[in-house]
Visitor: 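Encoded as structure tokens, here's the structure I'll be asking about.
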Amino acid sequence: MALREILHYPEPLLKQKSEPVTEFNDELKQLAADMVETMYAAPGVGLAAPQVGVLQRLIILDCSAGDEPDDLLIAVNPEIIAGEGDSFEEEGCLSVPEYWASVKRHSMATMRYQDTDGNIHEREAEGLLAIGMQHEIDHLEGVLFVDRLSPLKRSMFRKKYLKMLKEKEAENAGS
Ligand code: ZN
């Protein structure tokens, strides 16, 4: 296993759509294992393959928040097949460090996905896991949670965030 580098906004690759996984081989299992290690090390509760630079439809989630047992979900070619209820919870993203904002989502969701051997499963969830599923699947469409903010909030985010990045660059250059 190996840690992979997590890409950060405004990396253009994060805006691209991912391809369906068609081969359930060792390479896929290796990618999933690396992503699991990378997510726990970050630490985060979810990670999508494009966040580590791979444009394939693979996401992982563990919303157990350190409770035992872990609730690790490795989902290949995931799709939301049912969603209902409204939630407006604060979200963050490993690709948008140090920024959190409330996003409108379904409060309950059912996801259909394949495991790394290609078997089909369904998982019904509510709360944090339901939100995580929607957030991670968005990544496969090239959509970040900040893209779901109102136009005004989004432009405020861009200004604030790009300014923060510049300040960090200046800090690094000065050190
Ligand atoms: Zn994210």
Side-chain angles (χ1 to χ4, degrees), residues 2-21 28 31-66 70-80 83 86-114 116 123 125-151 153-162 164-165 168:
L3 285 180
R4 305 241 181 164
E5 189 196 342
I6 297 175
L7 302 177
H8 290 167
Y9 175 92
E11 158 65 48
L13 197 133
L14 292 169
K15 302 291 288 177
Q16 289 186 42
K17 212 173 149 162
S18 292
E19 296 288 326
V21 171
L28 178 69
L31 172 62
D34 287 353
M35 283 172 58
V36 169
E37 199 183 348
T38 304
M39 177 183 77
Y40 285 135
V45 299
L47 191 66
Q51 291 182 275
V52 294
V54 180
L55 289 171
Q56 293 216 25
R57 302 186 81 84
L58 166 64
I59 65 170
I60 59 167
L61 283 156
D62 183 353
C63 295
S64 61
D70 287 347
D71 184 21
L72 178 63
L73 194 56
I74 297 176
V76 181
N77 298 325
E79 48 179 328
I80 301 293
D86 292 320
S87 86
F88 193 63
E89 294 291 327
E90 199 157 82
E91 294 182 22
C93 179
L94 293 175
S95 292
V96 190
E98 296 171 56
Y99 185 82
W100 294 267
S102 296
V103 179
K104 197 168 175 287
R105 305 273 188 195
H106 288 305
S107 54
M108 283 172 284
T110 306
M111 178 173 78
R112 182 182 290 153
Y113 65 97
Q114 287 168 283
T116 52
R123 175 77 182 256
E126 56 180 4
L128 189 58
L129 181 56
I131 292 167
M133 288 171 175
Q134 295 165 80
H135 177 117
E136 299 309 329
I137 290 175
D138 266 359
H139 275 297
L140 305 180
E141 298 298 321
V143 174
L144 297 176
F145 78 107
V146 291
D147 295 321
R148 293 201 177 273
L149 302 176
S150 68
K153 277 204 171 151
R154 200 163 59 226
S155 75
M156 281 165 57
F157 157 75
R158 279 208 193 98
K159 273 189 206 140
K160 189 177 151 185
Y161 201 81
L162 296 175
M164 189 186 91
L165 287 182
K168 276 202 171 165

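Atoms within a ligand are numbered from 1 in the order they appear, just like the ligands themselves.
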Visitor: I'd like to know whether CD of Glu11 has more than 12 heavy-atom contacts from other residues, nucleotides or ligands below 6.0 angstrom.
Guide: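 It does: Glu11 CD has more than 12 such atoms within range.
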
Visitor: Identify, with sequence neighbours excluded, every residue that meets side chain to side chain contact (heavy atoms under 4.5 Å, CB included) alongside Leu162.
Guide: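 So Leu162 forms a side chain to side chain contact (heavy atoms under 4.5 Å, CB included) with Tyr9, Pro10, Leu165.
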
Visitor: Using side chain to side chain contact (heavy atoms under 4.5 Å, CB included) as the criterion, list what pairs up with Met39, not counting sequence neighbours.
Guide: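 With neighbours one apart ignored, the set is Leu47, Ile60, Asp62, Leu72.
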
Visitor: Would you mind counting protein N, O or S atoms that sit less than 2.8 Å from the Zn ion (ligand 1)?
Guide: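 Step by step: take the Zn ion (ligand 1), keep protein N, O, S below 2.8 Å, and you get 3.
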
Visitor: If you define the side chain from C-beta out and look only at heavy atoms, does anything of Cys93 sit under 4.5 Å from His135?
Guide: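 Cys93 vs His135: side chains touch.
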
Visitor: Give a yes or no on whether Glu5 atom CD has more than 12 heavy-atom contacts from other residues, nucleotides or ligands under 6.0 Å away.
Guide: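 Atom CD in Glu5 is not packed in, count stays at 12 or less.
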
Visitor: Please, which pairs that meet ring pair (Phe, Tyr, Trp, His ring centres under 6.0 Å) have at least one residue in residues 92-112, sequence neighbours excluded?
Guide: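 Listed by first then second residue: Tyr99-Phe157.
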
